[in-house]
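See structure below.
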Amino acid sequence: MKNKFFSVLLVILLTIGAVFSSYILADRAVKLNNGSAGESTSTQLAVTENDGERVLLVEDKQRDYHFYTQGDKVIFVHKEKEYVYEDWSEEINLDVPKLAYDDMDDDGEEEILVQVAAYANDGEIYHNVYVFNHMIDRYGEETFRINAFTADTIVKMFDERIKIEITQDKNCEKNGLVAFARRYDQINYDRETGLPSSYYNCFRCLQDSNGRYMKVSNWQKGRIEVFIDNENKIYITMPITMVYEDGSVQDAGFAKFKAYVSEEFENNITAKSMSFVANKEYGLYGYNFDGQEWTATLNNASKTVPADRNIDFIQIKQSFDIDIETVDFSGINGDANMLSAIYVDEQSMELVAKKGCSFSQRELEANRYSVRMLTKGASSQTDYDISYKATIYTNDNGEEVLKILFDKKYNKVNMREVTVSFGVK
């Protein structure tokens, strides 16, 4: 009886040992990836039996960094070790991932940056960026600490560190001002102009049905996007919607700032990297007036007076970085030849009508006028309407004058290419 009992016990122990040995071998095969580091697929994870095949997400064979997706998991493989993450994105395959490197904390070692799709909205794909900091733990084992730049973590970081205030220029309510400061710093304003003392950017405020610029009462954040730029820096954009006193809203532009991971492994915003970029239709030229007063005079060489003396359409393209110049206006289409001269200084433009000619009050009341200043950059050019408001008056010589105030003071060099219009915007 004893012999039969020990025989049965021996069979049971051998069976358990075989199963346990098989599990150890299988688990070791998974951890070693069972193949070379350059392969784009690998055996299924032993975590669950329903995750399906691994799919290569992105890799750098030279540095031995490989990222795979498997089900709802991301697997990072390096030096035959695997790191599994379960909370990256359900829509990670919407866009091609980006793998980059940057020494964010100036420790002499580059961190790994991974940009992946987060979700799609209205045809646009939004992203997350993950930063891998290489570390050695207290047991001497290599490991990585992950910092995630997602919509939630970015909002938290922004609210903890940055203050945005939206105001308007006291002398010209057309100019909306977006000022930035650290969260607990105070933003001071000039009493006369309302301009912030800290760095700021501009946008053009909305007008009501009468052409008056409205008051901004509040602002709102839009959908946040984070991305790695061509220089391997992390940038974040955040649309800004302005809310006016009458309830009108304006997609005015977006805040942009650079982010990094500090030595203390905290998501942070690079000092003085904040800026506001107005959407094209709300763009304003920046403040750069050098304080120098100046004047320019453009005289009309033609002394003839047309039979029709009602000025309701003018469009003159001219350089006003001059002192005095004479041009024949009779060759310009429209009612330009009804003008005797144009006077410009740092803050206004005056169109002087020939005696007996007058400007259309209807066109003025409809705000159909503009002074468009063309600025050219290295790869682009921008057309800014610098007009603020206009009036018609009669000068000491009995001539009607259309005076257009600018939205701010400008340097003479800014007037190299200007188009002044009346009767159209």
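Side-chain contact check for Leu113 versus Met104: some heavy-atom pair is nearer than 4.5 Å. Side chains of Thr295 and Thr297 form no contact here, defined as non-hydrogen atoms less than 4.5 Å apart. Lys389 is not listed as a side-chain neighbour of Tyr213, based on a closest heavy-atom distance of 4.5 Å or more. Considering only heavy atoms from C-beta on, Met157 comes within 4.5 Å of Ile269 through its side chain. For the pair Phe254 and Met238, the minimum side-chain heavy-atom distance is 4.5 Å or more. Within the 4.5 Å cutoff, the side chain of Leu364 has no heavy atoms near those of the Phe359 side chain. Between Ile224 and Ile236 the shortest side-chain heavy-atom distance falls below 4.5 Å. Looking at Tyr244 and Leu206, their side chains come closer than 4.5 Å, going by heavy atoms from C-beta outward.
Remark: Glu281 CD is packed, more than 12 non-hydrogen atoms of other residues, nucleotides or ligands lying under 6.0 Å away. Counting heavy-atom neighbours within 6.0 Å of Lys170 NZ, excluding the residue itself, gives a total above 12. Heavy-atom neighbours of Glu124 CD from other residues, nucleotides or ligands within 6.0 Å: at or below the threshold of 12. Summarising the local packing, CD1 of Ile324 is surrounded by 12 or fewer heavy atoms from other residues, nucleotides or ligands at distances under 6.0 Å. Atom CZ of Arg416 sits in a sparse spot, with 12 or fewer heavy atoms from other residues, nucleotides or ligands closer than 6.0 Å. For Arg362, the CZ atom counts as loosely surrounded, since its 6.0 Å shell holds 12 or fewer non-hydrogen atoms of other residues, nucleotides or ligands. Residue Asn333 places its CG atom among 12 or fewer non-hydrogen atoms of other residues, nucleotides or ligands, all under 6.0 Å distant.
Checked against the 6.0 Å centroid criterion, the rings of Tyr65 and His78 qualify as a close aromatic pair. Within the 6.0 Å centre-distance limit, the rings of Phe180 and Tyr199 are counted as a close aromatic pair. Checked against the 6.0 Å centroid threshold, His134 and Phe144 count as a close aromatic pair. Less than 6.0 angstrom separates the ring centroid of Tyr126 from the ring centroid of Tyr119. Between Phe67 and Phe132, the ring center distance clears the sub-6.0 Å criterion.
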Using atom types as modelled, flag every donor-acceptor pair under 3.5 Å from a side chain in residues 418-425 to any protein atom, sequence neighbours excluded.
unit_1: Ser421; atom_1: OG; unit_2: Gln315; atom_2: NE2; d: 3.0
unit_1: Lys425; atom_1: NZ; unit_2: Tyr369; atom_2: O; d: 3.4

N/O donor-acceptor pairs under 3.5 Å from side chains in residues 162-169, not counting sequence neighbours:
unit_1: Lys163; atom_1: NZ; unit_2: Asp185; atom_2: O; d: 2.5
unit_1: Glu165; atom_1: OE1; unit_2: Tyr189; atom_2: OH; d: 2.6
unit_1: Gln168; atom_1: OE1; unit_2: Val216; atom_2: N; d: 3.1
unit_1: Gln168; atom_1: NE2; unit_2: Glu173; atom_2: O; d: 3.0
unit_1: Gln168; atom_1: NE2; unit_2: Met214; atom_2: O; d: 2.9
unit_1: Asp169; atom_1: OD1; unit_2: Asn171; atom_2: N; d: 2.9
unit_1: Asp169; atom_1: OD2; unit_2: Asn175; atom_2: ND2; d: 3.4
unit_1: Asp169; atom_1: OD2; unit_2: Tyr287; atom_2: OH; d: 3.0

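When atom types are taken as modelled, the side chain of Lys354 and the backbone of Thr304 share a donor-acceptor pair closer than 3.5 angstrom. Counting only distance, with no hydrogens or angles, the side chain of Asp335 and the backbone of Phe313 share a donor-acceptor pair below 3.5 Å. Within the 3.5 Å criterion, the main-chain N or O of Gly108 finds a donor-acceptor partner in the side chain of Asp103. Panel note: side chain Asp102, backbone Glu110; no donor-acceptor pair is recorded below 3.5 Å. In this structure a side-chain-to-backbone donor-acceptor pair under 3.5 Å is present from Ser89 to Ala117. With hydrogens and angles ignored, the 3.5 Å screen pairs no side-chain donor or acceptor of Lys303 with any backbone N or O of Ser340. Proximity of a side-chain donor or acceptor of Lys98 to a complementary backbone N or O of Ile228 within less than 3.5 Å is detected. Listed for the Thr69 side chain is no donor-acceptor partner under 3.5 Å among the backbone atoms of Val74. In this structure, the side chain of Ser370 does not engage the main chain of Arg372 through any donor-acceptor pair within 3.5 Å. Distance alone, capped at 3.5 Å, places no donor-acceptor pair between the Thr394 side chain and the Glu399 backbone.
Taken to the nearest 0.5 Å, the CD1 atom of Ile392 stands 8.5 Å off from the CD atom of Glu365. Here the straight-line distance linking atom CZ of Phe265 with atom CD of Glu111 works out to 8.5 Å at 0.5 Å rounding. Residue Met242 holds its CE atom at 11.0 Å from OH of Tyr282, rounded to the nearest 0.5 Å.
Ion pairing of Lys73 with Glu82 is absent here, as no side-chain N (NZ or NE/NH1/NH2) approaches a carboxylate O to less than 4.0 Å. Note on Asp229 versus Lys233: no salt bridge recorded, every NZ/NE/NH1/NH2 to OD/OE distance being 4.0 Å or above. A salt bridge is defined here as a Lys NZ or Arg NE, NH1 or NH2 lying under 4.0 Å from an Asp or Glu carboxylate O, and Glu160 with Arg182 fails to meet this definition. At a threshold of 4.0 Å, the pair Asp323-Lys412 counts as salt-bridged, since one of the basic side-chain nitrogens sits closer than that to a carboxylate oxygen. Ion pair Lys221/Asp159 flagged as a salt bridge, since at least one NZ, NE, NH1 or NH2 atom sits closer than 4.0 Å to an Asp/Glu carboxylate oxygen. Ion pair Glu400/Lys355 not flagged as a salt bridge, since none of the NZ, NE, NH1 or NH2 atoms sits closer than 4.0 Å to an Asp/Glu carboxylate oxygen. Using a 4.0 Å cut-off between charged nitrogen and carboxylate oxygen, Glu142 and Lys79 count as a salt-bridge pair.
Remark: the Asp60 side chain and the Tyr101 side chain contain an N/O donor-acceptor pair separated by less than 3.5 Å. Using a 3.5 Å distance cut-off with no hydrogens or angles, the side chains of Asn300 and Asn337 do pair a donor with an acceptor. For the residue pair Thr241 / Asp251, a side-chain donor-acceptor distance below 3.5 Å is found, with atom types taken as modelled. Side chains of Asp246 and Ser248: a donor on one and an acceptor on the other come within 3.5 Å. Using modelled atom types, one finds a donor on one side chain and an acceptor on the other under 3.5 Å when comparing Tyr393 with Glu350.
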Tyr285/Asn414 under side-chain hydrogen bond (donor to acceptor under 3.5 Å, both in side chains): CA gap, chis, key distance, verdict: CA-CA 10 Å; Tyr285 191 74; Asn414 296 138; 3.3 Å; yes
Verdict with reasoning, Lys258 to Glu231, per salt bridge (Lys or Arg N to Asp or Glu O under 4.0 Å): CA-CA 12 Å; Lys258 188 162 73 171; Glu231 296 181 352; over 6 Å; no
Chi angles and distances behind the salt bridge (Lys or Arg N to Asp or Glu O under 4.0 Å) call for Glu417, Lys376: CA-CA 10 Å; Glu417 195 166 338; Lys376 296 181 179 180; 3.6 Å; yes
Residue pair Thr150, Asp152: steps toward the side-chain hydrogen bond (donor to acceptor under 3.5 Å, both in side chains) verdict: CA-CA 5 Å; Thr150 66; Asp152 290 341; 5.3 Å; no
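Checked options Glu346, Met415, Gln347; the residue passing with Tyr410 is Met415 (criterion: side-chain contact (heavy atoms from CB on, under 4.5 Å)). With respect to Phe257, the ring-ring contact (aromatic ring centres under 6.0 Å, His included) criterion is satisfied by exactly one of Tyr235, Phe149, Phe158, Phe276: Phe158.
In this structure, Arg204 has no salt bridge (charged side-chain N to carboxylate O under 4.0 Å, His left out) partners at least two apart in sequence or on a different chain.
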